[in-house]
Each structure stands twice: as C-alpha cells, then as structure tokens.
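Whatever order the structure lists ligands and atoms in, that order sets their numbers, starting from 1.
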Amino acid sequence: MQSVAKTSYAEVAVPLHVFQTFTYRLSAEQSMKAKVGARVVVPLGRTEVTAYIVGLQDELPQTLTETDIKEAQTLVDSDPVCNPEILELARWVADYYACPLGEVIKAALPPGMSPKSRGAVFAKPKLRRFVRIRQPLNSDDEKLGDAQRRALATLKSGPMPLQLLLKTAGVSAATITTLEKKALVEVTTEAVRRDPLSDGLGIKSETHTLTAPQASVLTQIEQQMNSGDYAAFLLHGVTGSGKTEIYMRAMSKALSLGRSSMMLVPEIALTPVFSRRLRARFGDQVAIFHSSLQKGERFDEWTRVKNGDARVVIGTRSAVFAPVKNLGLIVVDEEHESSYRQQESPYYNARDVAIVRAQKESATVVLGSATPSLESFHNASKGKYTLVNLPERIGARPMATAKIIDMRGVFARHGKPRVFSDELLEAIRDTRERGEQSIILLNRRGYSSFILCRSCGETVQCPNCDVTLTYHRSERVIVCHYCNHREAVPHVCPSCGKKYIYYVGEGTEQLEEMLRLLFPALRVARIDRDTTTRRKVFEQTLTDFSAGRIDALVGTQMLAKGHDFPNVTLVGVVSVDVGLALPDFRAAERTFQLITQVAGRAGRGDRPGRVLIQTYHPYHYALRHACAQDYETFYEEELRYRQNHSYPPFVALASLLVHGPDLGRVRSDSLELRKQLDAANAERKCRVLGPAPAPFARLKGEHRFQLLIKSRSRKHLREIADAALKAVADGGMNLRTINLEIDPVSIM
Ligand code: ADP
Ligand code: ZN
C-alpha cells in the first residue's frame, strides 16, 4: 500500500528589507519535516536566501496559483530556531515599529544564522574529538607497543580531548587510530562550548545584608513575583544606591520560583567585572550576549539558553529576544539609555520590547535608573509602572558635589579659549597627590575636531558627509566619524595650496597628550571608541585603572556609566556645550543624564567625590538641576517644555527620512511624501512637519530630508504614515529610500 504523501506550502519571511512574506511549495518529504520557526533556503529573484518559515498551509492560498510559486530548496533545521513565543514577539515588533518581519527575526537570532548566499557557513557548534577507553585495559592479552600502552594508561583517568591526549601521552595520531581499529578506544566528535567568561578572574560572589530601603524595594518586587502575573516597576535609585544588588536578588527569586530571568544592560555598562560577578553568583546558569563576543561564542550561549541549560541571561539590546524558557523577570538597567534603540532597521527599542515580552509571558519587569527617561517617569506617575525609590547612597555616602566652571570667565581672563581651566588642572594635580584617581570626560574622540586653513578659512570636509574630518594623530590620518572615510593629513590647504594648516577643537586623544605634557608623573590612559575596538585592550585598561595602576582616565561618555571605581574622587567634564547645542528635543535630557551619571562615578568609596563641569552655558536648566542632583525639578521643567512644544510623552512621534545620492530626487520625493501624508491626514488628526534637510543633511554620500509626524493618537499616526507610504510606493517610489522610525529616540 502506498502512503499518500502530500505537498504543502510554506509562508516565509526573508531577512531583508522587504515587507511582504512569500509562499513556496514544499515536497512531500519536506512537508513532513517542516516546522514553523525553522529556516529554509528558497530561491528569490535570481539568488537564494535563507528564510524563516512563519506559516504552513495544506492548501495554496486563494490569491496564488500553482504556476506562481516556486519550490523551496533545503530545509536547514529539523528543530525551529525561533520558538512560538519569540516568533510572536517578533510579529509584535514588526507591527509596532513598521518594519519587516524577516529583519526582526534575523535581529532576534545570533549573528551568522542567516547567511545571504549558499556556500556561506552557518554559525554552528564547535566540534572537538574526544577519546575514551572502550574496554578495561587488559594489556597482557594484546600485543601492544609502548606508545599504545602509554596512551591507554593516560586515558585511565577518564576521556580526553584528542589533541590533549597526544600531547600528554607523547604519542602520534596513528597510535590512536590503531587503538581505535583494535576497538580498545572510542573516538567521538562532541560539541565544545566556547565560553566567553572562561578566563574568569576568580571573583568572589559577595552578598550584602540589604539596607532597609533596599529590603523594602525588594519585598515589593518579590511579592509581585509571587503572584506570577505581569507587573512593571520603575526603580529610581541614585547612583551608588545599590540597585545592582536588588537586581541580583530578584533574579535569584525568579530561579527559586522555577522561572528564568533576564537582565538587559547598555553596551558599556557590561563591564567584564560585572558579568564575572554574575557568573560567580549564578554559576553556569548565566549566559551572556553582547556585540564584542565572537559569533561562535554567541551561538553557543544562545544554544545553552534555548536548551534550557542557562536560565539567567545578561546582555545588550538583542538579548531581549533570547529564547529563555519560562521567563519570570526582566531587568532593564539604565533604562533611559539610547543604546537600547537600534539605529538601523528594524528600529526597535529593547526596553519597550521588554515590557511587551513581560506582558505576554506574565513576567515582572524592573526598569532601573538614576535618571529615568521622561517617558518612563511619566508612565510611573500615571500608574502604569509602580515607582520604587532608593534615594540615598549605600553607607550614607554623600553624593558628589558638582560645580560649574564658567568658561566665559576663563576666556576673559586669558584672552583666548583654554581647554582646561586652572581650577580643573589644580583639581587633577591635588587628586593625584592624595593618591586618588580622576576621570576626565569629553564627548569627542580623536585629536582635533577639525582642520582649518588660516589663509582661506577652508575646513577639510568629508567627501561623503556634511561634516568636518577629525584629526587622529596616533594614526596620522583624518577620519570621518560618520562614514569612517580616511585620508592622509594634508600638508597644504587642499583649497588654496598654502601651508597655514591649523588644528581646531580638541578631542580625547589631545587631552591625553596635554595631560602627559602638563603632569609628566601622572599615569594617563584613554578609553573611547578608538581604543575599545580591541576588547582585550579595553578590559586591560579598566582592570589597570581599577587596580590603581592608572591615575587619570580620559574618555568619552563610555566612561560615564556603570563602572564602580571606589578610588575615583574627581570627575572633570571638559565641555558639555556640544551636547547641549544638538538640534534634538532630547538634548537637555541627555545632558542632564550625562552629568548625573558622571557625577555618580565620583566618590563611591569612603572619600567624597567632586565633579567639575566646564561650560559656556552656565545657566542652562539641565546643568543647574544636574548639579543640584534634583531629578524631580528637572523632570517637571522638561515636561513643561515637552508639553509646550508637543513632544513625547505628550504625543506619539514618527520620523520619515528620505535619503539618496541625488539631491533633486530626494527633495522631490520628500515633497511627494508630504503631499501623500496631507492627503491621508485630511481630518487633521496629526501634525506633519517638513520636509526639511536633516540635521546631518548629507551622510555617507547620501542627501537626507526629514519629515516628522506628531499625534495624540498613535493609531492615527500609523494610519496616515502607512497610507502615505503605500501611496508613494504605488507611485513607483522605492521604499528602501525612506526610513520610517516610530518613537525615534533622536531626530538627527
Ligand atoms: P547602583 O547600581 O545603584 O549605582 P551599586 O549596586 O553599584 O549601585 O552599589 C554601590 C556599591 O554599594 C557597590 O559597591 C555595592 O557592592 C555596594 N552595596 C550594595 N548593596 C549593599 C549593602 N546592602 N551593603 C553594603 N554594600 C552594598
Ligand atoms: Zn563621512
């Protein structure tokens, strides 16, 4: 009797910026094996792509005919890579942020799992050959050579990786092959784990007795966790108030309830020390995800989570999609951080995805920050989140005193701009003399911000972007910080040919050099994106600073966050003016956060800390409230500003960026888009602004025009955005030239 094998149809999402899904025919054999959430290689246009199965049907959808559709090629997985919960979450993200489902699924999986071309390798387990004894050693019965005996003797203590065995026993691979033939040993291939924390520093797990405020916060969170329902907390705790201890206890609580937990951190707070501390506390149950892990390491960590071997996940943005089973708790540390937002499609915000995931899985979510985002604090004041507070530092350590240094006065006294005020220099010297450490912050890497010709006034611009090139002295190049275009340093002005090249504006690299010249005995090091591309160097610098082998650490805002260096008593901010002047409605909020965070780095030990902030805008409200460490007054003032100017959280906001190489085209396309937005907005339920050149009007060789949509109704905002995009696409416009961002965190 013949079985009736039936073909079926798979709906797939492709890992590309393509909004629709596609349907393929599966062979009878494939139909039996295919599962939703598994990968399948399919033909698309003239190429092949690794796609994700998002639906399976027995019948061909009515909108299609058999001749329309192609056959799927290869099923990649027998087991889905994307479980139903993650697929559902991905669908929500695609829908809410108006981005392609395939792109979201790709972002949810470890890198390397969706290669574009055939022949490219998938991330896969690392295999190693192991050797073990098959029979009890009975060497008298066998005619064994010396080498064979040695190998067997070595194996007596247990199975061993092949390479290690060869080395230890001093035998060749041929010896082992012979033993294998004689059936005395067995050689197997096993997956070995690439463990990013294997070089652990042997950090001890410290548990503190909770302070009364900590205990009260933890009790509230734990009681909620006992109920097993969704709930969200906003933990507003000043820097050094012991939030981390609460996160760890809540994570233990989740484990004791038989549930898993997840902690999201912004990229830089993921200090090596902290992840190792988690490892010390939770052992092998911890899996770690962040971008400087190698592909193989990420794949292995992801696999351990998927198999249920790891039940505590710590990671950056994309870890929110980790296939954790039975999730009971999500912690989002430094919830205000803009790095939770992905800056390319799919434009999701991991904090907001965390909230939705917690709702779907009946988990508790804890958002923590010393400077909550306006949105989150607003949500808490409306009762959407439960606000819990830690208003004081552990051990009643005083908050650092912050002081503004008015650089206008410094300029007047010296008749020319100065990088360092005398006050800051003295403070650095005194700190060193007391055997304490300083952090010097400037949000601009490189040596000089630009090169100017004193003869003709020409600045050297990036050929691709509307920005000046930054001089990097150590590499002897000028670099674009947006597209990474590099060129040799000019000896003469590229415009007038004269030799009066002049370096203007200072970057971290120059600060480091100036400090070395001014204080030869001061041990200085630097941390910014130029130095952190090498993970080991970065970790080593932090370790050296921690151990007191460095007196002053110069760096960009990467330094402002998360680190806990008890001997740092001085933080100097060389300039906050660039940040304040950014054409973005969050400029004040960002500056407030930066100053507050950086002030939190000072005085975490027994000695009080000091913060000196140099600025030409000494009366700015963000600076004043940050110096007074008065979050609530800042919040109220900022909220009024947002209300008066109709910005979030009072309206929903979307931005549309039209980009392309041809200025005329970009301009006319953005005008057409505006026309369609107006047509869709006939009832005037939204406000449309623009098009206008974006703050960076040209980047990476492309011109950029921006439109904004504001509305009190998120639903209407989406309706008109979707309708306008559909209309311009029907009119022939390529949607890849338009970036739609829902809830943008910055509008530059
Ligand atoms: P936050 O995350 O709020 O900035 P941390 O969690 O880093 O603060 O805590 C600041 C310091 O206080 C850390 O060194 C931490 O080990 C310590 N700490 C936390 N809780 C306690 C406690 N209950 N008793 C003593 N020390 C504590
Ligand atoms: Zn550039």
Give a yes or no on whether the ring-centroid distance for Tyr631 and Phe377 is below 6.0 angstrom.
-> yes
Any chance NZ of Lys403 has more than 12 other-residue heavy atoms, nucleotides or ligands included, within less than 6.0 Å?
-> no
For ligand 1, the portion of Gln214 having any non-hydrogen atom under 4.0 Å away | side chain
Over all heavy atoms of both residues, which pair between Cys627 and Ile613 is shortest? Give the atoms and the distance, please.
-> SG-CD1, 3.8 Å
Should the proximity of Thr209 to ligand 1, defined as any heavy atom under 4.0 Å, be assigned to the side chain, the backbone, both, or neither?
-> backbone
Test: Glu638 and Arg642 ion pair at under 4.0 Å | yes
Would you check whether Arg277 has a nitrogen or oxygen atom less than 3.5 angstrom from a nitrogen or oxygen atom of ligand 1?
-> no
Say whether Ile394, considering both its backbone and side-chain N or O atoms, lies within less than 3.5 Å of an N or O atom on ligand 1.
-> no
Side-chain touch Tyr96/Val353, heavy atoms, less than 4.5 angstrom = no
Do other residues, nucleotides or ligands put more than 12 heavy atoms under 6.0 Å from Glu392 CD?
-> no
In ligand 1, which numbered atoms sit nearer than 4.0 Å to a non-hydrogen atom of Thr239?
-> 4 (O)
Would you mind listing which atoms of ligand 1 come within a distance below 4.0 Å of any non-hydrogen atom of Thr244?
-> 2 (O), 5 (P), 6 (O), 7 (O)
Test applied, salt bridge (charged side-chain N to carboxylate O under 4.0 Å, His left out); reference residue, Asp551; option that passes from Arg434, Arg523, Arg516 | Arg523
Provide the number and element of each atom of ligand 1 under 4.0 Å from a heavy atom of Ser241.
-> 1 (P), 3 (O), 8 (O)
Can you sort out which atoms of ligand 1 are near Gly242, meaning under 4.0 Å from one of its heavy atoms?
-> 1 (P), 3 (O), 5 (P), 6 (O), 8 (O), 9 (O), 19 (C)
Could you tell me which atoms of ligand 1, counted from 1 in the order shown, lie closer than 4.0 angstrom to a heavy atom of Thr211?
-> 23 (N)
Close approach of Val238 to ligand 1, heavy atoms, under 4.0 angstrom = yes
Within-cut-off N or O pair, Gly237 and ligand 1, under 3.5 Å = no
Are Arg549 and Asp544 ion-paired here, with the side-chain N under 4.0 Å from a carboxylate O?
-> yes
